[in-house]
Amino acid sequence: MKTPDNWLSIAVTGLNAIDSPGPGIAVIRALREGLNRKVRIIGLSYETLEPGIYMHDVVDKTYQIPYPAAGTTALMNRLQYIHEKENLQLIIPNFDAELPQFIKLAPTLKAMGIATFLPSAEQFEARDKVNLYQFGQKHQLLVPRDKIIHTIADLQSCEEAFGYPLVVKGKFYDAVVAYTLEQAQKAFYKISAKWGLPIIVQEFITGTEINIAVLGDGTGRMISAIPMRKLYITDKGKAWSGITLEDDTLIQVAQSFTDATQWKGGCELEIMRTAKNELYIMEINPRFPAWIYLTAAAGQNQPAALARMALGEDQPVYEGYEAGKIFVRYSWDHITDINEFHQISGKGEL
Amino acid sequence: MYLRKNIATSESGFIFNPATGDSFSANPVAAEILRQLKQGTGAAQIKEWLLESYEVEPLRLERDWDEFINQLKEANLLES
């Protein structure tokens, strides 16, 4: 089905609404509610069992796209095919790993009439785990000290610098709190085997973990910031329930980040509030978090605002939101048919 | 001594601190004390009310009051 002329056609990735969910379904829910116009959602999937593919009341049509490892040309070819069919007006990518390619392709997509609203390659790199400490130093933001190491022998210097416990982190994912050299070594081997080198060793900061969903317009204007504390955490450390907070100091951290980076698009700041009320930025995720629908529920619909800005429409800074708004995630056995599985796995679209 | 401005309380004794996301349950007496603190009533006046309303020795009241206030401080519910 071709998108009717007066409808918006928006492509969204991150349809993996699993136990460690991608943000796609939450983004779509917010778009459908917040744009006040008819929207056709085109899902872009990587794997055949991403639940969103089969949720037809959420995603109108899904196309598989190549993994980032296949390169930008393969992705571009696929997007061209999808664009011919769907007349896309906007793409909202939601995975860290795919963002560099979409950032690279943004000018070409724009020339095709497809909008994006993404950070620059420089912004994306600067907040990378490997560069986070320098990033904090440069912008006077409180970030835990770290060392980037390439060999197991380097752990010795981390021990001297930070003492124990310390945190051993993978370049892309995984973090282990190590209380002894043996534990740190074990974590080094395990994480480097899975995610490669370097390994980031970070000083351990204890406190209350808070996440802030932030939307910047790319000129230093912070359109929205919603802080959330996790109330229930899965064994993978993901929020299964969370509550919006009202605390000006958290909003100020988000504002300082936006001022310093001129961030364009959505992102998530992972904050640790210590007993002394210091606010450390532990990590910066360069896209919307999976709990992004909570921003809409609290009164600041960040995905809808991003879409409006991407399409060149006016988007004022949001004022006020509801503190104490809670999300409780749940699982649901969605039923589909072998024919649908066949369609997506055989033809790459459904 | 004041309850933080943004602390939400309900008649049933539910307390919510929107800055931390913490919530607590208070018994009816504690809920009434919190209500009065929120209205800006002073400690001396509240204690007077407690002495009039309940059979409690002044010394015991002082001890319980201190303990209660410490709990509120620990829960980050009082203005510092």
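Note that this is a predicted model, so its numbers are computed, not measured. Naming: A, B, ... by sequence-line order, numbering from 1 per chain.
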Counting only heavy atoms not in [X] (residues, nucleotides, ligands), do more than 12 fall under 6.0 Å from its [atom1]?
{"X": "B:Gln39", "atom1": "CD", "answer": "yes"}
{"X": "A:Tyr164", "atom1": "OH", "answer": "yes"}
{"X": "A:Lys325", "atom1": "NZ", "answer": "no"}

Chain A contacts: which residues in residues 7-28 of chain B have a non-hydrogen atom closer than 4.5 Å to it? B:Phe16, B:Pro18, B:Ala19, B:Thr20, B:Gly21, B:Asp22
Can you list, pair by pair, the side-chain donor-acceptor contacts under 3.5 Å of residues 296-307 of chain A, counting residues two or more places apart and other chains?
residue  : atom : partner  : partner atom : Å
A:Gln300 : OE1  : A:Ser224 : OG           : 2.5
A:Gln300 : NE2  : A:Gly320 : O            : 3.0
A:Asn301 : OD1  : A:Ala304 : N            : 3.0
A:Asn301 : ND2  : A:Ala30  : O            : 2.9
A:Gln302 : NE2  : A:Ala213 : O            : 3.0
A:Gln302 : NE2  : A:Ser224 : OG           : 2.8

